[in-house]
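Presented below is the structure to which this report refers.
Naming convention: chains lettered A, B, ... in sequence-line order (proteins, then strands); numbering from 1 in each chain.
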2 protein chains.
Amino acid sequence: MQPANSDHLDPARINWPVAEPVLPPNTHPALAEAARAAATAYRAARHQLSRAELAEEIAQGADNTPTMRVDALVEDAIAEAAQRNGVNLLSEEAGFLDHGSAVTLVVDPMDGSANAAAGVPLSCFAGVVTEDGVASEALTVWLDTGRSWWARAGEPAPYRTSGRTSLTGAAVCLLRPKDNSMAAWLRVAARASRVRILSTTCLETALVAEGSVDAFADPGSDTHRIVDLAAAMVTVPAAGGVLLDVHGRPLEFDPDLTRRWSGVAAATPALGDELIATILG
Amino acid sequence: MQPANSDHLDPARINWPVAEPVLPPNTHPALAEAARAAATAYRAARHQLSRAELAEEIAQGADNTPTMRVDALVEDAIAEAAQRNGVNLLSEEAGFLDHGSAVTLVVDPMDGSANAAAGVPLSCFAGVVTEDGVASEALTVWLDTGRSWWARAGEPAPYRTSGRTSLTGAAVCLLRPKDNSMAAWLRVAARASRVRILSTTCLETALVAEGSVDAFADPGSDTHRIVDLAAAMVTVPAAGGVLLDVHGRPLEFDPDLTRRWSGVAAATPALGDELIATILG
């Protein structure tokens, strides 16, 4: 589509629409409202603020990384939705917000923050419903299109992974190479038939779940927080795949958001094991 | 959105809609009809065929690379549109189709073929209208969303590049590293603040034009055909940026589609020059 009133665009802003999330009717009401709140807040932010204003680092988050303005605006809207629904929230910037509920939403308010602030149309809301530290359902929403991936823990999803078992010939999404993961990044790139870097873990793991790519990995840079991986912990296994940590650390819903993992989502256990072996060299 | 009738999905197929392109009213009728034909054909192909069937290599194209079934189906629809409109066509698989016109559409029917066949929602129609070898207008359509970027040669576009002049701190999209471009790829990745690989040159150059990323480059692998760069030759300069070849070769509309370039799209001439110097080492 063309942006609305394309004769009067402000080129400093992102002039494309944010879609209304289309969610399965059985989505947990608090999770659904959080997703809709995220989309509404991101839409307003893109409408009102320039790319530079969206990207401005305005605080330090509970995960010990800088908080962009767009992160804060979207998370605030989600926090209000959680409070209205009487559930607790564990979220990237705010940390744990206790509303005295047995239910906690574990949420990445704005996955792919750098994309979201710059206008690269690849960013997501992603979250899970947990009770007593166990996830019961997960939802990922691609904000530019409203496409969503939902799954209930322990039940098969309507989408399936590709079923690929070997890294040779595989299409792999990777976190961008960092100083502490460069050698592993290159080993994976050399073995796979195709690598992509979309800079949005939640969308990339959704693409693994639906079979559009064979795997996604942080090749050992320990960048992931539990909020980055929470939705994939449900959706990828529900589609026949696996979600693992490169170093075998258990993925746990811990209010301490300074903990880090190197997540690997793969179409099959065999592909996950081969990816990890390649990363570890 | 959820796919239609999500209870009855065939997980071997891509179950998301292909959008109807939304085009400016002043788009050249033949170019507009080619874009709509591409979207219609891709929609039908995703509906009827599995990912494996879309990706099957069924011929060798005029560009001397394998033709996937999805490439052929979309190009056939575009060729019919060109014939109906009485214009010539220069296209990736079919080469030059002479309909005795002074006007030739130069088209990449399915940019990001691997994405398009696998279900990674990043693929485009892109084309230009040429007369006597000179492009007069360009159109890029992101097929999953219908978003389009249109420009007339020599006139400013409503979108603008980021204006960034230095590689330090830049967000750069790169073609995936290949054996003959690995060292240059790593040099660019080390200097830029962020690298992405979206595997769709036409969308990545459109993101440069609209200021969502600062630059895009094939770091010297000589992968680009003129059809990959044709639309960006108009849209990027119309937005204030530059489109260059790493080795300074002129970008020419040549019916010989075996010719190759290493395209660089950058927000400013200074950034383009620094990227090329970094790639050449």
Side-chain angles (χ1 to χ4, degrees), chain A residues 1-3 6-9 11-17 19-24 51 114-115 118-122 142 144-150 157-163 171 173-174 176-177 179 182 185-186 189-190 193-199 203 207 210-214 239-240, chain B residues 1-3 6-9 11-17 19-24 51 114-115 118-122 142 144-150 157-163 171 173-174 176-177 179 182 185-186 189-190 193-199 203 207 210-214 239-240:
Chain A
M1 62 198 75
Q2 291 287 110
S6 64
D7 289 343
H8 307 284
L9 298 180
R13 300 192 188 181
I14 304 165
N15 291 295
W16 300 108
E20 188 59 23
V22 181
L23 309 177
R51 289 174 166 90
N115 288 347
V120 176
L122 302 170
W142 177 11
D144 269 78
T145 65
R147 295 183 187 182
S148 70
W149 295 261
W150 180 84
Y159 41 82
R160 306 300 293 163
T161 71
S162 69
C173 282
L174 290 172
R176 67 183 191 282
D179 289 345
M182 182 64 80
W185 197 98
L186 293 171
S193 82
R194 186 170 282 271
V195 294
R196 297 181 180 87
I197 305 174
L198 306 189
S199 290
L203 181 55
L207 294 177
E210 70 169 30
S212 294
V213 299
D214 299 307
Chain B
M1 62 198 74
Q2 290 287 109
S6 64
D7 289 343
H8 306 285
L9 298 181
R13 299 192 188 180
I14 304 165
N15 292 294
W16 299 107
E20 189 59 23
V22 181
L23 308 177
R51 290 175 166 90
N115 288 346
V120 176
L122 302 170
W142 177 12
D144 269 78
T145 64
R147 294 184 188 181
S148 70
W149 294 263
W150 181 85
Y159 41 83
R160 305 300 294 164
T161 71
S162 69
C173 282
L174 290 172
R176 67 184 192 280
D179 290 343
M182 182 64 80
W185 197 99
L186 293 171
S193 82
R194 186 169 282 270
V195 294
R196 297 180 180 89
I197 305 173
L198 307 188
S199 289
L203 181 56
L207 294 176
E210 71 169 30
S212 293
V213 298
D214 299 307

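- Heavy atoms only, all atoms of each residue included: B:E210 and A:G119 are closest at OE2-O, 3.8 Å.
- The side-chain contact (heavy atoms from CB on, under 4.5 Å) search around A:L186 returns A:M182, B:M182, B:L186, not counting sequence neighbours.
- Neither the backbone nor the side chain of B:I14 has a heavy atom closer than 4.5 Å to any heavy atom of chain A.
- When heavy atoms are compared at a cutoff of 4.5 Å, A:D144 approaches chain B by way of both its backbone and its side chain.
- Using a 4.5 Å cut-off on side-chain heavy atoms (C-beta onward), A:R51 and B:S162 make no contact.
- When heavy atoms are compared at a cutoff of 4.5 Å, B:A171 does not approach chain A at all.
- Here the closest non-hydrogen pair linking A:S193 and B:R176 is O-NE, 4.2 Å.
- The two residues B:I197 and A:V195 have their closest heavy-atom pair at CG2-O, 3.6 Å.
- Contacts between A:A239 and chain B at a heavy-atom distance below 4.5 Å are absent for every atom of the residue.
- For a residue to count as touching a neighbouring chain, one of its non-hydrogen atoms must lie under 4.5 Å from one of that chain's; by this rule B:P177 touches chain A with the side chain only.
- Across all non-hydrogen atoms, the minimal contact from A:P17 to B:R147 is O-NH2, 3.3 Å.
- Put simply, the side chain of B:W16 does not reach to within 4.5 Å of the side chain of A:S212, judged on heavy atoms.
- The residue among B:A19, B:G163, B:A118 with the most heavy atom pairs within less than 4.5 Å of chain A is B:A118.
- With a 4.5 angstrom heavy-atom cutoff, A:L207 touches chain B only via side-chain atoms.
- Side-chain contact between B:R196 and A:N115: present, with at least one pair of heavy atoms (C-beta onward) separated by less than 4.5 Å.
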